[in-house]
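Positions are given from 1, in the same order as the sequence printed here.
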Amino acid sequence: MDQPNTNATDARVRIAGQQRWRSILHNPKIIFIAFFASFGGFEYGYQQGVLGQSFVMTRFTTNFPGVVASSSAQGWLTSVLQLGGIIGSLSAGVLGEVFSRKYTMFSACLWVILGSYLYCGASYHNPSLLYAGRFFTGLGVGTFSGVGPLYNAELSAPELRGLLVSFYQFATILGIMLSFWVGYGSNYIGGIGDGQSDLAWRLPSIIQGIPAVCLAVGIWWMPFSPRWLVKKGRDDEALRTLSWLRKLPADHELIRVEFLEIKSEALFERRAFAMAHPKIAAREKASVWTREFAQYINILRTWDNFKRVSTAWLIMFFQQWSGIDSIIYYASNVFISLGLTGGTQALLATGVTGVVFFICTIPAMAVIDKVGRKPMLLVGSAVMFVSMVITGIIVAKFRHNWPDHSTAGWTAVGFIWVYIGAFGATWGPGASIGASSNWINNFAIAFFVPPMFAHWFWGTYIFFAVFLAAGFVWVLLVLPETKNATLEEMDRVFGSHTGAADQAMLAAARRDVGLEAELQAEAVEAISHKAQLDIESNDYVEKA
């Protein structure tokens with residue numbers, strides 16, 4: 001049976017990985033594009049933090065007392081965004097394949113803009129537009145979550161993929177941090193008492209729409225994904241795009257190999273689909289929508305497919321049930337429950353939370369491709385588990401008399417910050433997949449956490465600690481490492497057992513597009529180049 005030749009590809013990825021920072025300095029536009037495309041992540045993070053701030057603002061509580069006074073109403077207002085997010089994330093895959101990742105992100109911008117400014121139209125004792133605005137915003141950020149990281153992954157070279165995909169998480173955390181401080185600052189508009197202006201709770205939503213407007217305009221100057229172009233038969237455009245992205249001539253060996261890798265994978269996918277769904281494949285040109293929706297059937301057709309999807313789903317399951325969004329959504333309420341007096345003090349502590357989150361994420365992005373996702377997730381789970389357990393113990397012992405135990409309250413706040421920092425440095429950039437799972441579990445968290453804090457008290461922290469322990473065991477025993485792997489190598493990473501037919505089909509696709517011959521030639525050239533570098537290095541040492 002023919003096996004795909006990956007030796008030259010592996011060597012290329014290792015060599016390029018050692019020079020990733022030099023590549024970035026030589027070609028900074030890929031970082032700019034990735035960050036700009038991650039505005040969707042910024043919107044996701046910003047809306048996560050902005051609502052919880054409003055719950056402790058005087059003017060918001062006066063205008064919408066029925067929402068603030070009821071834990072279930074707070075849960076619904078928070079979680080209605082997740083309902084939109086579920087729809088957006090599930091539809092993003094199909095829309096991204098049919099209309100391109102680029103145009104799908106544009107549609108997401110429009111939903112966010114609509115939702116942001118509908119929210120501002122809510123009036124005294126009439127919160128209906130709050131719910132409508134949150135739903136449409138969720139539709140937009142859910143679409144972003146399904147297509148934004150994919151777009152960044154498909155634009156990046158293998159050695160930079162972890163860094164560029166984690167840009168989405170970086171932008172998310174930046175959005176969370178800024179929303180916390182925007183909420184803290186806008187709380188002073190008109191004063192913090194009865195004279196507070198309605199602009200105090202409306203301004204954060206007004207600001208929320210601005211990045212979406214910028215991306216909606218700028219996206220027309222951004223490239224299409226090379227993989228999407230190849231799937232659509234636009235090979236010349238895909239080759240030009242790769243050349244432009246890598247800042248190398250179109251006939252360069254690295255561009256040729258990467259292009260052929262993409263082309264062989266696309267050919268393999270078409271042939272595999274035709275084998276699995278011959279009737280649909282026969283009328284593919286007549287109904288591209290049918291073909292894309294049929295892809296979801298493949299999730300359950302084989303154990304290998306199900307294993308991959310369930311891995312992505314479970315990563316986000318354990319991420320959400322670590323309790324992270326319970327802190328982000330309701331941070332101000334959490335800090336008040338730990339003894340911080342007044343909304344302003346709680347908002348200040350919330351702002352510090354955002355800074356800790358942001359600062360801890362940056363170094364993690366720099367080392368994720370070197371260290372790997374799995375070790376980061378294990379360390380993060382352990383630190384977060386300890387933080388949650390200690391916080392739960394402190395709340396259980398001192399919650400009935402915080403005024404006399406302010407030191408204990410601030411100690412609990414400190415462990416919340418440790419927990420947030422550990423998440424930002426590990427689970428944040430290490431788990432940027434599984435969008436639909438993220439939104440489904442996010443909805444559950446947003447809906448159920450207010451009653452949990454209201455009735456379970458310290459038990460809420462222990463509840464999340466149990467899931468952190470379970471997540472640690474799952475990562476240790478089940479989760480595969482994807483460090484430095486190309487998108488085309490995921491079969492090997494996941495130990496796929498799709499059988500001899502799939503392996504032969506993939507090898508045939510690689511031969512048919514000329515990839516095997518190109519890899520053989522590149523391997524010979526790489527060996528010669530390395531030998532020359534060794535000679536030059538030895539000559540330099542002798543002269544020195």
Side-chain angles (χ1 to χ4, degrees), residues 35-51 54 76-122 127-152 168-169 171-172 174-176 178-179 182 202-222 224-225 228 289 292 325 329 432 434-440 442-443 446:
F35 185 76
F36 199 65
S38 297
F39 271 19
F42 177 90
E43 294 287 11
Y44 174 37
Y46 188 92
Q47 57 74 32
Q48 278 186 296
V50 76
L51 180 62
S54 301
W76 272 115
L77 182 57
T78 306
S79 60
V80 72
L81 181 137
Q82 277 69 39
L83 288 177
I86 292 170
I87 297 172
S89 65
L90 289 176
S91 63
V94 175
L95 296 176
E97 289 294 333
V98 175
F99 297 113
S100 80
R101 289 79 162 115
K102 175 176 170 176
Y103 293 149
T104 302
M105 284 195 292
F106 177 74
S107 72
C109 292
L110 300 184
W111 288 123
V112 171
I113 294 168
L114 174 63
S116 298
Y117 298 117
L118 274 179
Y119 184 90
C120 296
S128 58
L129 287 182
L130 295 180
Y131 291 92
R134 293 276 295 174
F135 176 79
F136 287 119
T137 300
L139 194 59
V141 295
T143 303
F144 275 132
S145 72
V147 76
L150 176 65
Y151 180 78
N152 278 356
Y168 190 88
Q169 182 67 22
T172 299
L174 178 63
I176 292 171
L178 291 182
S179 74
V182 167
R202 283 178 175 150
L203 181 62
S205 190
I206 293 171
I207 294 174
Q208 177 178 279
I210 295 174
V213 172
C214 294
L215 181 56
V217 174
I219 204 167
W220 298 97
W221 282 271
M222 294 170 65
F224 289 103
S225 158
W228 181 81
W289 288 94
E292 295 305 328
D325 278 339
Y329 281 131
S432 300
S436 63
S437 170
N438 177 53
W439 285 104
I440 292 170
N442 209 312
F443 170 78

Self-check item: Test item: Glu43 side-chain N/O and Ala212 main-chain N/O as donor-acceptor pair under 3.5 Å
Solution: yes

Quiz item: Given the rule in the side-chain contact (heavy atoms from CB on, under 4.5 Å) test, do Leu178 and Phe42 qualify, once you have shown the distances and angles that lead to the verdict?
Solution: CA-CA 9 Å; Leu178 291 182; Phe42 177 90; 3.6 Å; yes

Quiz item: Between the main-chain N or O of Gly41 and the side-chain N or O of Thr172, is there a donor-acceptor pair closer than 3.5 Å?
Solution: yes

Quiz item: Can you tell me how far OH of Tyr44 sits from OG of Ser38, rounded to the nearest 0.5 angstrom?
Solution: 14.0 Å

Quiz item: What are the two closest heavy atoms between Ile219 and Phe106, and how far apart are they?
Solution: CD1-N, 3.8 Å

Quiz prompt | Leu139 CG to Ser89 OG distance, which is reported to the nearest 0.5 Å | solution = 9.5 Å

Quiz item: Does the side chain of Tyr119 come within less than 4.5 Å of Leu51's, by heavy atoms?
Solution: yes

Quiz prompt | Any Val50 side-chain heavy atom under 4.5 Å of Val182 side chain | solution = no

Quiz item: If every non-hydrogen atom of Gly96 is compared with every non-hydrogen atom of Arg101, which pair is closest and at what distance?
Solution: O-NH1, 3.1 Å

Practice problem: May I have the step-by-step check of side-chain contact (heavy atoms from CB on, under 4.5 Å) for Ile207 and Tyr46, ending in yes or no? | Solution: CA-CA 10 Å; Ile207 294 174; Tyr46 188 92; 3.6 Å; yes

Quiz item: Going through the distances and angles, do Leu90 and Ile86 end up as a side-chain contact (heavy atoms from CB on, under 4.5 Å)?
Solution: CA-CA 6 Å; Leu90 289 176; Ile86 292 170; 3.9 Å; yes

Quiz item: Of all heavy-atom pairs between Met222 and Ala37, which one has the smallest distance, and what is that distance?
Solution: CE-CB, 3.7 Å

Under 3.5 Å, sequence neighbours excluded: what are the donor-acceptor pairs made by side chains of residues 110-118?
residue	atom	partner	partner atom	Å
Ser116	OG	Val112	O	2.8
Ser116	OG	Gln208	NE2	2.8
Tyr117	OH	Ile206	O	2.9

Self-check item: Side-chain heavy atoms of Thr78 within contact of Arg134, under 4.5 Å
Solution: yes

Quiz prompt | Pairing residues for Phe224 by the ring-ring contact (aromatic ring centres under 6.0 Å, His included) criterion, not counting sequence neighbours | solution = Tyr103, Trp228

Quiz item: Can you check whether Tyr131 reaches Trp76 side chain to side chain, under 4.5 Å on heavy atoms?
Solution: yes

Self-check item: N/O donor-acceptor pair under 3.5 Å between Ser107 side chain and Thr104 backbone
Solution: yes

